[in-house]
Amino acid sequence: MTAVRLADVIAALDAAYPPQLAESWDSVGLVCGDPAEPVSRVLFAVDATAGVVDEAIEWGAQALVVHHPLLLRGVDTVAADTPKGALLHRLIRSGCALFSAHTNADSADPGVSDALAAAIGLTVTGPLDPKPVAAVDKWEITVPRTHSAEVLAALFAAGAGAGGNYSDAAWRVEGTAQYRPLDGANPALGAIGELHSATEDRLEVVAPPSRRAAVLAALRAAHPYEEPAYHVTERAALASGLGIGRIGELPAPESLREFTARVRKALPETTWGVRAAGDPDRVIKTVAVCGGAGDSFLGKVSRLGVDAYVTSDLRHHPADEHLRAGGPALVDAAHWATEFPWCAQAEGIVRAALPGLETRVSTLRTDPWTLGVADC
């Protein structure tokens, strides 16, 4: 049986949480570790804290997969006498890699907020903040059959014909073309003033808009005609299941008081707990969720007309203004708690792709709040 390598684990995670979905400011992927090294145990957690690193090393894990990047902001040292450097040195010395899937896991389908929605018992109907499918160009080109292969090869080399896990993709259909060269033309086929017809192929390929100049240059260089016939159509950006947050529905309506209790029961216990803002008797049926800090979407959830919004790190003034404007009820839980359900999702993805691995989710609470004082 072929040993599982760290590269195989990375491939499984990248397939589920494509790195290109990450926000431009984010830092995702492999932090330390050799992709060629064998892996038999993988630990999953929200944060790479000292306690989680201890657990990974003591359990003998060769990979630690986390949601929050350890090195999100720029650093100029990972010396062993710095807090984060010390963790990296311990991981490297113990042969344990560190990998993070952050905003790419937030926007993936399924992703962090799908796991949160499932824990609460929602039926997901779509993303809260959809990420559109990238636009793509479709090129339609006519070329003499004798030059079809040559032109296609040039288009592929220029970046056309690729999509997902496929390359060299094209559509080809035979037809009859006609044209009349006029004075000043230098036709490869036909004569000045005479109507010429020829058997040609119509080629269709797709390419990213960013490759337009390269594809056109390759087309002109490889095509035998001085004036190649071509047409470019850009596909409109389409909605998808990708994006931050999720919208969902409860199995049956319930009061905000009951719904808040549902959320508290679904999530791991924290000092922060779960708190709600709004009329306790308000009827809740449709719900928006966003794992992690989500107050930047308060305006959007108001426009969507949902009954409640579950997220974390809500602040006093934005929450107060949101409620004054008639927005949905708010349910605020600990940041770590709203993202913890993702760990089991990521573990399941890796186990399904690599069933020979031994995996587990760390149950250590990495929420930084450690003490709560109730009314005395």
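Just so it is clear, the model here is predicted, and its values are computed rather than measured.
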Can you find a pair of side-chain heavy atoms, one from [X] and one from [Y], that are under 4.5 Å apart?
X      : Y      : value
Val173 : Trp171 : yes
Glu200 : Thr176 : no
Val66  : Val46  : no
Val52  : Asp47  : no
Asp106 : Trp342 : no
Leu357 : Val9   : yes
Glu347 : Val361 : yes
Arg262 : Leu250 : yes

If you link I, L, V, M, F, W and Y whenever their side-chain heavy atoms are under 4.5 Å apart, who else ends up in the same group as Tyr230?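 Trp139, Ile141, Val143, Val151, Leu152, Leu155, Phe156, Leu203, Val205, Val215, Leu216, Leu219, Val232, which link up through side-chain heavy atoms under 4.5 Å apart, make up the rest of the cluster.
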Test of understanding: clusters of I, L, V, M, F, W, Y form through side-chain heavy atoms closer than 4.5 Å, transitively. Do [X] and [Y] belong to the same one?
X      : Y      : result
Leu64  : Ile57  : yes
Val42  : Leu30  : yes
Leu87  : Leu43  : yes
Leu116 : Leu330 : no
Val289 : Leu298 : no

Taking it one step at a time, do Asp367 and Thr270 satisfy side chain to side chain donor-acceptor pair (under 3.5 Å)? CA-CA 7 Å; Asp367 180 44; Thr270 62; 4.6 Å; no
Could you verify whether a donor N or O on one side chain and an acceptor N or O on the other, from Glu55 and Ser362, lie under 3.5 Å apart?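 The criterion, which ignores hydrogens and geometry beyond distance, is satisfied for Ser362 and Glu55.
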Does the side chain of Ser255 pick up a donor-acceptor pair with the side chain of Asp281 at under 3.5 Å?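 Asp281 and Ser255 do not have a side-chain donor-acceptor pair below 3.5 Å.
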Where at least one partner belongs to residues 30-44, residue pairs that pass side chain to side chain donor-acceptor pair (under 3.5 Å), sequence neighbours excluded: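 Matches after skipping sequence neighbours: Ser40-Gln62, Arg41-Glu358.
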Any donor-acceptor pair under 3.5 Å from [X] side chain to [Y] backbone:
X      : Y      : answer
Asp26  : Thr103 : yes
Ser100 : Val28  : no
His223 : Ala229 : no
Ser94  : Cys96  : no
Arg5   : Pro35  : no
Glu226 : Asn186 : yes
Asp114 : Val112 : no
Arg180 : Gly193 : yes
Thr311 : Gly292 : yes
Thr77  : Ala79  : yes

May I ask you to decide if the ring planes of Trp272 and Trp369 are parallel, tilted or perpendicular, using 30° and 60° as cut-offs?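 Rings of Trp272 and Trp369: tilted, as their planes differ by 30° to 60°.
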Could you walk me through whether Phe44 and Thr359 satisfy the side-chain contact (heavy atoms from CB on, under 4.5 Å) test, starting with their C-alpha distance in whole Å, then the side-chain angles of each, then the deciding distance to 0.1 Å, before giving a yes or no? CA-CA 8 Å; Phe44 296 82; Thr359 64; 4.0 Å; yes
Among all residues two or more places apart in sequence or in another chain, which pass the side chain to side chain donor-acceptor pair (under 3.5 Å) test with Arg220?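 Arg220 satisfies side chain to side chain donor-acceptor pair (under 3.5 Å) with no residue once adjacent residues are dropped.
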Residues that Glu204 engages under side chain to side chain donor-acceptor pair (under 3.5 Å), provided they are two or more places apart: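 Glu204 satisfies side chain to side chain donor-acceptor pair (under 3.5 Å) with Arg202 only.
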salt_bridge(Glu254, Arg282) N-O dist < 4.0 Å: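 No, this pair does not count.
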Would you call Asp307-Lys285 a salt bridge at under 4.0 Å N-O?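 No, this pair does not count.
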Counting the benzene-type ring for Trp, do Tyr309 and Phe297 have ring centres under 6.0 Å apart?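 No - the distance between ring centres of Tyr309 and Phe297 does not fall below the 6.0 Å cut-off.
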Check for me whether the distance between the ring centres of His67 and His335 falls short of 6.0 Å.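 Centroid distance His67-His335: not below 6.0 Å, so no.
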Report the distance from atom [atom1] of [X] to atom [atom2] of [Y], rounding to the nearest 0.5 Å.
X      : Y      : atom1 : atom2 : answer
Asp201 : Ser148 : CG    : OG    : 3.5 Å
His68  : Ser27  : NE2   : OG    : 13.0 Å
Leu323 : Asp279 : CG    : CG    : 11.0 Å

Listed partners of His231 passing ring pair (Phe, Tyr, Trp, His ring centres under 6.0 Å), at least two apart: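 By the ring pair (Phe, Tyr, Trp, His ring centres under 6.0 Å) rule, His231 matches no residue at all.
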Residues that Phe340 engages under ring pair (Phe, Tyr, Trp, His ring centres under 6.0 Å), provided they are two or more places apart: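 Once residues adjacent in sequence are excluded, the partners of Phe340 under the ring pair (Phe, Tyr, Trp, His ring centres under 6.0 Å) criterion are Trp336.
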Where do Val310 and Val263 land on the side-chain contact (heavy atoms from CB on, under 4.5 Å) test, with the steps shown first? CA-CA 8 Å; Val310 180; Val263 175; 4.3 Å; yes
